[in-house]
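None of these values were measured; they are calculated from a predicted model. Order of listing sets the numbers, starting from 1, for every ligand and every atom in it.
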Amino acid sequence: MANTVLRFLRRTSPGAGWPWLFPRLAFVLFAGAVFGLFWLTERSDREEQRATLISDVLWLEQDLRFHLSRNEERLGQIHAREAGNSVLFDNLARVLLANGTGLRQILWVDAAGRLRRALPAPTEDYQVGEAVGIIPSAETFSLARSLGKPAYGPAYPIVGGDWQFEVHVPVFENGVLTGMSVGAYSVGAILDSAVPWWLAERYRIQIRDNTATLLGSRSKVSAEVREGEYQIPFEPPGRGISIHATPYRTPPSPAGRMLSVAVAVLAILVVVSFWTLRRHVQGRLAAEQALRTEHQFRKAMEDSVDTGLRARDLEGRITYVNPAFCRLVGWSSEELVGRAPPMPYWAEDEIEQIRTIHDSILSGLGPESGFEIRLRHRDGHVFWALIHESPLIDENGRQTGWMGSVIDISERKRMEELARQHQERVQASARLVAMGEMASSIAHEINQPLAAIASYNTGCLNLLKAGTVDVEGLVGALGKSVEQAQRAGRIIRRIYGFVRRSEPRSEPVAVMEFVDEAISMTRADAARQGVRLEVDATADLPVLNGDQVLLAQALFNLLRNAVEATRDQGGAEAVVAIGVRRTADGVEVAVADRGGGIPAETGPKLFEPFYTTKSEGMGMGLNITRSIIESHRGRLWFEANPGGGSIFRFCIPEGS
Ligand code: ADP
């Protein structure tokens, strides 16, 4: 039992420890107190009943003793004289027999031991006469006579299963024994008449001799006795006869039974409620444990990712940041949570731009594919961050804020910048390489002004030598010569600047000026190849901002390619058409030829440096042209000419 209680107390449930000991202890104490109370009540009841039993039996014994003593007295009052008178004796005896003390028969025996009279008269149950050991017992008679006082004989069975004992009371007159009054008691009659009803209701009363032989009993048939017999010697008559009283099992009182049932029900209720509570708490503890595990798992995930996570409410106030975010910006979670814009990690020079993005996100119009901004670490260094924002939806489907993932892309940006610089260097070297090719063609171009200068000068010399100086002609020829020399100088300077990667010039350029310059650079060559150049230009052309020489060079490259393609093709349609038109934001120039066109597979490679299909080509023309156009914020592309050949187009915005 004690072990069970200890096991019950020690049993632990998941997550529960000492807290469970107290209710368990309280429950054990409560159960112990209830059972103790029952036990004590029961014990005190038993003790009380035992005390009552003892006092009742003592009382019975006293009562019987009193009756027997009184009967002794009365029997002693019968004198020989009265015994000799039958009527008188009968009357006296009848009174005694009727007093309800268990006397069954009264006899008078003379001093010699002979039976003289009896009431009721002897039947075959009694043998009257001298015989010893039979009624009246000679042995008892002798004892009483020798003692000179009443003596009781042993109990002996009589008819009807009853037992009987005798009292012999010697009667003396003037000191001489005159006779003996003998009273015969029936044990059954004593029990029936001398035991009061209330005693018989409570106990089974039995009279036994010293061999435990049952001499008589008064008991209820239906009732069941219980433990706790009490016995007391029956004096007189003595001789080992004793009175035994055994209490009957009494049904508990309705109130007591109700109380027991109530306590039992209460105890069951306590057990059930304790058990239910325990199960409930265990369930909750298990759920809590599962939740804690889940939470720890998620927290571990959030803590271990390299991506910064930041949650904001609908007002833009920070509600959560993960360690990665704190590491990115150098501010702790405690410092950031609850902060409203502007945030301490916004780069000062971009606060307005970030605020605009921030506001557009809060109004649900943020860029879906994420955005790149510069943020400032607490230590002052600025880094590039790629931010993706998505709505934070709670379990009811309501948006409660915004969740943002922040990735440091400074390294990527650095690599991009490196790649760009590398590309620039590649282009610069490509330009240098192109210079070789360009130098030859430019040398060819410069040849033209040089040849022109030479021929103008030769003309002048011839005029001077001939002595026919035509001043006007001389001035005109020298002027043209100067013009050609200046043009050659300009070409060289621009090319020199371009190769040095200096920024292109930015000055107003009339579109037709660089177009005409390119055409004039091409014309002689085209004519030599039998290719005609046709120009179709609209009148409303804008003035661009840029470098005329470079733009002319770009168009020249396109024209040269077109002329070469047309020449290679041969045929009647040896025309290169130049279209110049105004667009919404600038100008578009198209160079259309009727050459062999550009096969689809070579299209993507066309602008790559050193791509050429010509034996003497360098493959740098288109690459340089695109660089020039793009440095003017323009765009270069090509398309197939519907009538055969290709069309190269470029557009340049007006404000370039
Ligand atoms: P190159 O003229 O030195 O070959 P380019 O960069 O100018 O270098 O041209 C690259 C290649 O593009 C040419 O070799 C040629 O195959 C092709 N190409 C350029 N323009 C035309 C054109 N108008 N028609 C057909 N092919 C062309």
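- Looking at N623 next to ligand 1, no N or O pair under 3.5 Å apart turns up.
- Using a 4.0 Å cut-off between charged side-chain N and carboxylate O, R635 and E630 make no salt bridge.
- Using cut-offs of 30° and 60° for the angle between ring planes, the H377 and H381 rings count as parallel.
- For R374 and E348, the salt-bridge test fails: no basic side-chain N is under 4.0 Å from an acidic carboxylate O.
- No heavy atom of G595 sits closer than 4.0 Å to any atom of ligand 1.
- Both the backbone and the side chain of L622 come within 4.0 Å of ligand 1, judged by heavy-atom distances.
- Ranked by closest heavy atom to atom 26 (N) of ligand 1, the top entry among I598, L558, T612, T625 is I598.
- Interface atoms of ligand 1 facing F648, defined by a heavy-atom separation under 4.0 Å, are 20 (N), 21 (C), 22 (C), 23 (N).
- Taking every heavy atom of G597 and a limit of under 4.0 angstrom, the matching atoms of ligand 1 come to 25 (C).
- Taking all atoms of both residues into account, the shortest heavy-atom contact from L636 to L622 is CD2-O, 4.2 Å.
- For ligand 1, the polar-atom distance check finds an N/O of N561 within less than 3.5 Å of one of the ligand's N/O atoms.
- Between F325 and Y345, the distance separating the two ring centers is shorter than 6.0 angstrom.
- Against a heavy-atom cut-off of under 4.0 Å, Y611 is close to the following atoms of ligand 1: 10 (C), 11 (C).
- Ring-plane geometry between F607 and F638 is classed as tilted, the angle between the planes lying from 30 to 60 degrees on a 0 to 90 degree scale.
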